[in-house]
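Scroll down for the structure; my scribbles are underneath it.
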Amino acid sequence: MLAIKSFSELTEHLQQLRSIKRLVAVNPSDDHSLEAIKRAMDMGFITTHIIGNIHDFNMDFIEENNISFTHCDNQTDASTWAVKMVKSGNADMIMKGLVNTDVLLHAILNKEYGLVPYGNVISFVAAVETPHYQKLMFITDPAVIPSPNLRQRIAMINYAIDTAKKFGITQPKIALLHGTEKMNHKLNFMTDYQTILDKAQEGAFGEVVIDGPLDLFLAVNPELGKIKKIDTPIKGDADILVFPDLDAANIFYKSMITFAHAQIGGMTFGTEKPVILTSRSDSIETKFNSIALACLI
């Protein structure tokens with residue numbers, strides 16, 4: 001399998017696979033969610049079951065697009081029903097629509113019927129496509145873990161590696177990011193970085209190239225790396241960017257959308273089946289890309 005370097009290549013790959021996934025969406029009553037779902041259905045990736053309040057939807061649209069529907073009066077019941085559908089094997093993935101994140105997560109984390117195996121770390125990986133980079137970048141974590149500890153960082157990296165390999169990247173290059181390439185052990189995450197580098201040397205992450213701390217230039221710009229005369233095996237060609245904390249990752253994520261006109265797709269990891277936690281403000285493209293990413297994973 002050749003490496004998938006863009007969302008359009010991902011779309012083509014999924015169409016060639018001809019594997020249809022069953023999506024259950026919790027109250028996707030906004031136009032962006034419905035259009036993203038319709039696009040994915042038209043391209044043959046998914047079938048869809050919507051759970052929500054019937055009064056929030058244009059039922060003609062639902063029937064015209066062959067979408068099955070279950071009425072629920074409130075977000076809590078809708079979230080519970082959707083999670084149970086996935087848990088019972090009647091759906092392959094779950095997508096957040098116009099429902100509060102904490103309400104859906106409460107159902108996903110439920111000890112009786114939830115989707116999180118005991119001890120798993122919940123995290124978020126996003127794929128980023130920008131005209132200014134030659135391939136997709138995978139970033140972690142811009143959405144879930146505010147200040148990761150070592151165990152969480154290791155899980156985040158493993159999720160990102162698994163994602164990159166699903167895209168056909170056999171030896172992902174991983175950059176542990178900071179504002180500079182200088183190690184400063186006064187910062188808690190630097191100690192984590194050093195431990196991660198040591199574990200990588202021992203083969204804990206498999207066939208990867210990993211280095212850090214690196215500034216963003218050294219991670220993704222080979223020319224600036226040459227100017228700075230810093231010898232790093234990443235060589236400005238990173239596949240995975242690991243940020244010190246959620247604030248840094250989230251600002252990068254939103255900056256890519258706002259200033260670099262990037263396409264984004266992301267999903268939650270650590271659950272038994274894919275969970276697509278899109279934001280209310282996400283574009284049709286971001287929601288569609290996230291569905292496609294979940295179908296691949």
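Since we're looking at a predicted model, the values are computed, not measured. Numbers here simply count residues along the sequence, with the first being 1.
K165 NZ: more than 12 foreign heavy atoms inside a 6.0 Å radius. Atom CD of E207 has 12 or fewer neighbouring heavy atoms from other residues, nucleotides or ligands inside a 6.0 Å radius. The number of heavy-atom neighbours closer than 6.0 Å to CG of D56, taken from other residues, nucleotides and ligands shown, is above 12. Annotation for K199: atom NZ does not count as buried by contact number, only 12 or fewer foreign heavy atoms lying within 6.0 Å. Within 6.0 Å of atom CG in D102, more than 12 heavy atoms from other residues, nucleotides or ligands are found, so the atom counts as buried in its surroundings. Surrounding NE2 of H106 are at most 12 heavy atoms belonging to other residues, nucleotides or ligands under 6.0 Å away. The number of heavy-atom neighbours closer than 6.0 Å to CG of D31, taken from other residues, nucleotides and ligands shown, is 12 or below. Within a 6.0 Å sphere centred on CZ of F217, other residues, nucleotides and ligands contribute 12 heavy atoms or fewer.
Side-chain contact between L293 and T163 is present, with heavy atoms from C-beta onward closer than 4.5 Å. Counting heavy atoms from C-beta on, the side chains of L241 and L216 come closer than 4.5 Å. Using a 4.5 Å cut-off on side-chain heavy atoms (C-beta onward), I196 and V242 make no contact. Side-chain contact between S79 and K96 is absent, with no heavy atoms from C-beta onward closer than 4.5 Å. Residues R280 and N100 are in side-chain contact: their nearest non-hydrogen atoms beyond the backbone lie under 4.5 Å apart. Taking 4.5 Å as the limit, some side-chain heavy atom of M41 sits within range of a side-chain heavy atom of I67. Considering only heavy atoms from C-beta on, I157 stays 4.5 Å or farther from I240 through its side chain. Here the side chains of H49 and S68 are in contact, with some heavy-atom distance below 4.5 Å.
Taken from CG in N58 to CG in L34, the straight-line distance is 9.0 Å, to the nearest 0.5 Å. Atom CG of residue L104 and atom CG of residue L109 lie 9.5 Å apart, to the nearest 0.5 angstrom. Interatomic distance, L218 CG to E181 CD, rounded to the nearest 0.5 Å: 5.5 Å. With rounding to the nearest 0.5 angstrom, the CG atom of D92 is 5.5 Å from the NZ atom of K273. Of the inter-residue distances, the one linking F57 atom CZ with E63 atom CD reads 13.5 Å to the nearest 0.5 angstrom. Taken to the nearest 0.5 Å, the OG1 atom of T271 stands 9.5 Å off from the CD1 atom of I94.
A donor-acceptor pair is defined here as one N or O able to donate and one able to accept, closer than 3.5 Å; such a pair exists between the side chain of N74 and the backbone of D77. A donor-acceptor pair under 3.5 Å links the side-chain atoms of Q152 to the main chain of N149, judged by distance alone. The closest donor-acceptor contact from the side chain of S88 to the backbone of M85 lies under 3.5 Å. In this structure a side-chain-to-backbone donor-acceptor pair under 3.5 Å is missing from D215 to G179. Judged by distance alone, the side chain of K87 and the main-chain N or O of G114 form a donor-acceptor pair under 3.5 Å. When atom types are taken as modelled, the side chain of Y253 and the backbone of T140 share no donor-acceptor pair closer than 3.5 angstrom. Within the 3.5 Å criterion, the main-chain N or O of S29 finds no donor-acceptor partner in the side chain of N27. The backbone N or O of S147 lies less than 3.5 Å from no partner atom in the side chain of D245, so there is not a single donor-acceptor pair. In terms of modelled atom types and a separation under 3.5 Å, the side chain of T130 and the main chain of Y133 share no donor-acceptor contact. Using a distance-only test at 3.5 Å, with no hydrogens or angles considered, a donor-acceptor pair links the side chain of R22 to the main chain of G89.
Taking the charged nitrogens against the carboxylate oxygens, D237 and K135 do have a contact shorter than 4.0 Å, which makes a salt bridge. Under the 4.0 Å criterion applied to side-chain N and carboxylate O atoms, D162 and K166 are not assigned as salt-bridge partners.
For the residue pair L136 and I4, the shortest heavy atom distance occurs at CD1-O, 3.8 Å. The minimum heavy-atom distance between R153 and P148, with the atom names listed, is NH2-O, 3.3 Å. The shortest non-hydrogen separation linking T268 to L277 is OG1-CD1, 3.3 Å. The minimum heavy-atom distance linking N250 with P142 is given by the pair ND2-O, 2.9 Å. In terms of heavy-atom proximity, A200 sits nearest to I210 at CB-CG2, 3.2 Å. Annotation for L214 and A175: closest pair CD1-CB, 4.1 Å, computed over non-hydrogen atoms.
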Determine all donor-acceptor pairs shorter than 3.5 Å in which one atom belongs to a side chain in residues 116-129; sequence neighbours excluded.
from, atom 1, to, atom 2, distance (Å)
N120, ND2, G270, O, 2.9
S123, OG, D141, OD2, 2.8
E129, OE1, F7, N, 2.8

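Taking the side-chain hydrogen bond (donor to acceptor under 3.5 Å, both in side chains) definition, one finds that D282 meets it with nothing, sequence neighbours left out.
The stretch residues 271-297 participates, sequence neighbours left out, in these ring pair (Phe, Tyr, Trp, His ring centres under 6.0 Å) pairs: F45-F288.
Under a hydrophobic-cluster definition in which Ile, Leu, Val, Met, Phe, Trp and Tyr are linked whenever side-chain heavy atoms come within less than 4.5 Å, directly or via other members, L105 and V26 are assigned to the same cluster. L246 and Y193 sit in two unconnected hydrophobic clusters of ILVMFWY residues. Membership requires side-chain heavy atoms under 4.5 Å apart, directly or through other members. Linking Ile, Leu, Val, Met, Phe, Trp and Tyr whenever their side-chain heavy atoms come within less than 4.5 Å leaves L176 and V209 in two separate clusters. M43 and M93 fall within the same hydrophobic cluster, defined by Ile, Leu, Val, Met, Phe, Trp and Tyr side-chain heavy atoms under 4.5 Å apart, directly or through other members. Taking hydrophobic clusters as Ile, Leu, Val, Met, Phe, Trp and Tyr residues chained together by side-chain heavy-atom distances below 4.5 Å, I145 does not share a cluster with I251.
For the residue pair N289 and E285, no side-chain donor N or O sits within less than 3.5 Å of a side-chain acceptor on the partner.
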Does L23 form a side-chain contact (heavy atoms from CB on, under 4.5 Å) with I276? I'd like the steps, not just the answer.
CA-CA 10 Å; L23 174 74; I276 305 165; 4.2 Å; yes
Test side-chain contact (heavy atoms from CB on, under 4.5 Å) on L115 and V83; report intermediate values, then the result.
CA-CA 7 Å; L115 300 176; V83 169; 3.9 Å; yes
In sequence, state the C-alpha distance, the side-chain angles, and the governing distance for I174 and F205, and then conclude on side-chain contact (heavy atoms from CB on, under 4.5 Å).
CA-CA 11 Å; I174 306 164; F205 299 105; 5.6 Å; no
Let me see the working for Q201 and D198 under side-chain contact (heavy atoms from CB on, under 4.5 Å), right down to the final yes or no.
CA-CA 5 Å; Q201 285 279 74; D198 293 342; 5.5 Å; no
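Screening M95, M267, H32 against T278 for a side-chain contact (heavy atoms from CB on, under 4.5 Å) leaves a single residue, M95.
By the 6.0 Å and 45° rule, K84 stacks over the aromatic ring of Y113.
Between H178 and F189, a ring centre-to-centre spacing shorter than 6.0 Å is recorded.
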